[in-house]
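What follows is a single structure, written as structure tokens, with notes after it.
It should be emphasised that the depicted structure is a prediction, and the values quoted were computed from it without experimental measurement.
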Amino acid sequence: SYAKVINFQKILYPEEYKSDYVFMYMTLNDELKDLIGKSGYEKKFKIKFHDGLRFLENLKSKCFLAPNLFENLIGSGGIYSMKLHGQKNIRILFVFEKINNREIAVLLNCFEEKKTKDYVEEIAEAKARWEKIVEV
């Protein structure tokens, strides 16, 4: 499948993260800022997020080998979760895709997990966003 590059953007929040492997859905930088920005958790989040991104770049689709940080959401159609435990339990849902014979990871949405069923709504949102990106 092919992705509309216009719906991707680089990681800009909490600071620019240079990557040719990990991209974000077009509104995710702002959504992370809204979720984290005024929480007093920004410094700790930045460290955890950058660690997670580095693991994702190194392990790629084998990220499930770090189960404390990543989870393949069974029955979700290929959606994974980056689990950033801490003062806030932030989850970032993402997919892997091949574009021009090159694998990339696309971070789709984020949320604070308060209960396990929070995932149901967020998986539906991640799927909807992915459908906006992918052209069949």
Side-chain angles (χ1 to χ4, degrees):
S1 54
Y2 297 95
K4 298 178 197 171
V5 178
I6 195 165
N7 286 331
F8 292 163
Q9 61 180 217
K10 296 283 188 177
I11 297 166
L12 304 173
Y13 181 84
E15 66 181 28
E16 187 177 356
Y17 182 85
K18 293 181 188 337
S19 175
D20 288 328
Y21 182 74
V22 184
F23 296 88
M24 291 183 133
Y25 185 75
M26 62 186 170
T27 59
L28 191 55
N29 280 304
D30 290 336
E31 292 163 4
L32 273 174
K33 189 174 186 176
D34 289 346
L35 185 61
I36 303 298
K38 295 178 183 165
S39 69
Y41 181 59
E42 192 171 32
K43 270 187 181 174
K44 287 181 182 177
F45 171 78
K46 178 177 135 179
I47 293 165
K48 289 177 182 290
F49 186 41
H50 281 222
D51 287 348
L53 292 170
R54 281 192 295 277
F55 267 94
L56 183 56
E57 284 195 90
N58 290 328
L59 295 173
K60 299 186 175 20
S61 59
K62 295 196 185 299
C63 64
F64 60 87
L65 295 174
N68 288 339
L69 193 51
F70 299 101
E71 180 180 12
N72 181 355
L73 301 176
I74 306 300
S76 68
I79 296 175
Y80 290 75
S81 175
M82 180 187 298
K83 305 181 295 185
L84 304 174
H85 302 281
Q87 179 182 332
K88 289 181 168 280
N89 288 317
I90 304 301
R91 303 296 182 257
I92 300 174
L93 302 186
F94 65 97
V95 294
F96 295 102
E97 182 64 33
K98 275 203 171 180
I99 298 176
N100 299 328
N101 293 320
R102 185 173 74 98
E103 182 184 83
I104 63 168
V106 181
L107 309 181
L108 295 168
N109 62 321
C110 62
F111 64 102
E112 181 179 3
E113 181 187 18
K114 294 181 180 173
K115 26 189 187 314
T116 307
K117 60 184 173 178
D118 291 341
Y119 270 99
V120 175
E121 229 175 79
E122 299 300 332
I123 288 170
E125 178 63 23
K127 286 180 178 181
R129 288 180 175 194
W130 189 240
E131 286 175 14
K132 288 179 188 175
I133 292 172
V134 177
E135 292 179 341
V136 180

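At least one donor-acceptor pair under 3.5 Å links the side chain of K10 to the backbone N or O of S19.
Minimum heavy-atom separation, V95 to G78: CG1-O, 3.7 Å. Looking at every heavy atom in both residues, L108 comes nearest to A126 through CD1-O, 3.6 Å. Considering every non-hydrogen atom in both K88 and Y41, the closest pair reads O-OH, 3.6 Å. Taking both residues in full, the closest heavy atoms of A105 and L56 are given as CB-CD2, 4.0 Å, listed atom of the first, atom of the second, then distance. Residues K83 and E71 come closest through the heavy atom pair CD-OE1, 3.7 Å.
By the rule that hydrophobic residues join a cluster once side-chain heavy atoms approach within less than 4.5 Å of another member, I47 and L107 end up as members of separate clusters. Transitive grouping of hydrophobic side chains (ILVMFWY, heavy atoms separated by less than 4.5 Å) keeps F64 and L84 in distinct clusters. Note on Y17 and L59: same hydrophobic cluster, where clusters join Ile, Leu, Val, Met, Phe, Trp and Tyr whose side-chain heavy atoms are under 4.5 Å apart, directly or indirectly. M24 and Y21 fall within a single hydrophobic cluster, where Ile, Leu, Val, Met, Phe, Trp and Tyr side chains are chained together by heavy-atom contacts under 4.5 Å.
Going from atom CZ of F70 over to atom OG of S61 covers 11.5 Å, rounded to the nearest 0.5 Å. Taken from CD in Q87 to NZ in K48, the straight-line distance is 10.0 Å, to the nearest 0.5 Å. Rounding to the nearest 0.5 angstrom, the gap separating the CG atom in D20 from the CD atom in E57 is 8.5 Å. Distance NE2/H50 to CD1/I11: 7.5 Å, rounded to 0.5 Å. One finds the CZ atom of F8 at 12.0 Å from the CG atom of L28 (value rounded to the nearest 0.5 Å). Interatomic distance, CD of E31 versus CG of N109, reported as 7.0 Å (0.5 Å rounding).
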(message) Test side-chain contact (heavy atoms from CB on, under 4.5 Å) on L53 and M82; report intermediate values, then the result.
(response) CA-CA 9 Å; L53 292 170; M82 180 187 298; 4.1 Å; yes
(request) Show your reasoning for whether side-chain contact (heavy atoms from CB on, under 4.5 Å) applies to D51 and L69. (result) CA-CA 9 Å; D51 287 348; L69 193 51; 5.6 Å; no
(request) In sequence, state the C-alpha distance, the side-chain angles, and the governing distance for N72 and Y80, and then conclude on side-chain contact (heavy atoms from CB on, under 4.5 Å). (result) CA-CA 4 Å; N72 181 355; Y80 290 75; 3.6 Å; yes
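Applying the side-chain contact (heavy atoms from CB on, under 4.5 Å) test to E121 and every residue at least two apart in sequence or in another chain returns nothing. Qualifying salt bridge (charged side-chain N to carboxylate O under 4.0 Å, His left out) partners for E113, counting only residues two or more places apart in sequence or in other chains: R91.
Here the side chains of R129 and T27 are in contact, with some heavy-atom distance below 4.5 Å.
Screening K46, K33, E42 for a side chain to side chain donor-acceptor pair (under 3.5 Å) with Y13, the sole residue that qualifies is E42.
Neither side chain, E125 nor Y25, offers a donor N or O lying under 3.5 Å from an acceptor on the other. Between the side chains of Y119 and S81, at least one donor-acceptor pair of N or O atoms lies under 3.5 Å.
In this pair, F49 and F45 present their aromatic rings parallel. The plane angle is below 30°, not in the 30 to 60° band.
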